Amino acid sequence: MERGSDKHGARMDDAMAEEVDGTLTAGKQTRAEEFLEAEPSGEDQPDVDRDPDGAMTGGVPDGMTAEGVEQRSRIATFFGTHVWPATGEQLVAVAREREAPDDVLAQLSYVPQGRSYATFGEVWEALEGGREEHRS
């Protein structure tokens, strides 16, 4: 089984990934001091850009709407990988503990009780939020 790193254990790999997660997903500088920020490209160098042609657009997976993707993302932010598997009651408790807003708690209250969910995708399907069709 290929895990990615043979120098650290899985727990250390996860901790190291979480350390840089904010920097990678922020979309802006995250340094407290200006002198620690990345320097811009030099005059004789091309600009570094995530999408040099300016045509980068977000996509919506087949079987879902843009609003569904946004709502799924919003609810999923209150759960990490350590939560799973979990029952509907446990998910509401975790969301409440993490101070989820009332609308998220209300939506989670509709998760069918009495069964265990292995992933957030299963929870989203149970909420009838749609199923992401995987491309081959």
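Counting from 1, the numbers follow the sequence of the chain as shown. This is a predicted model, so every value here is computed, not measured.
Side chains of Trp124 and Val111 form no contact here, defined as non-hydrogen atoms less than 4.5 Å apart. When side chains are defined from C-beta on, Phe78 does not count as touching Glu99, because their heavy atoms never get closer than 4.5 Å.
Nearest heavy-atom pair, Gln107 versus Leu127, reported as atom, atom and distance to 0.1 Å: O-CD2, 3.3 Å.
Residue Leu105 shares its hydrophobic cluster (ILVMFWY side chains chained together at separations under 4.5 Å) with no other residue.
The CD atom of Glu70 sits 10.5 Å away from the CZ atom of Arg72 when rounded to the nearest 0.5 Å.
Pairs passing the side-chain hydrogen bond (donor to acceptor under 3.5 Å, both in side chains) check and including a residue from residues 108-119, sequence neighbours excluded, do not occur.
Under a cut-off of 6.0 angstrom, the local environment of CD in Glu89 is crowded, with over 12 non-hydrogen atoms contributed by other residues, nucleotides or ligands.
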Candidate pair Trp84 and Val123, rule side chain to side chain contact (heavy atoms under 4.5 Å, CB included), full reasoning: CA-CA 11 Å; Trp84 311 105; Val123 172; 3.8 Å; yes
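Looking only at distances, a side-chain donor or acceptor of Gln90 sits under 3.5 Å from a matching main-chain atom of Thr87. Thr77 contributes a side-chain N or O that, together with a main-chain N or O of Arg74, makes up a donor-acceptor pair within less than 3.5 Å. Using a distance-only test at 3.5 Å, with no hydrogens or angles considered, a donor-acceptor pair links the side chain of Glu122 to the main chain of Ala118.
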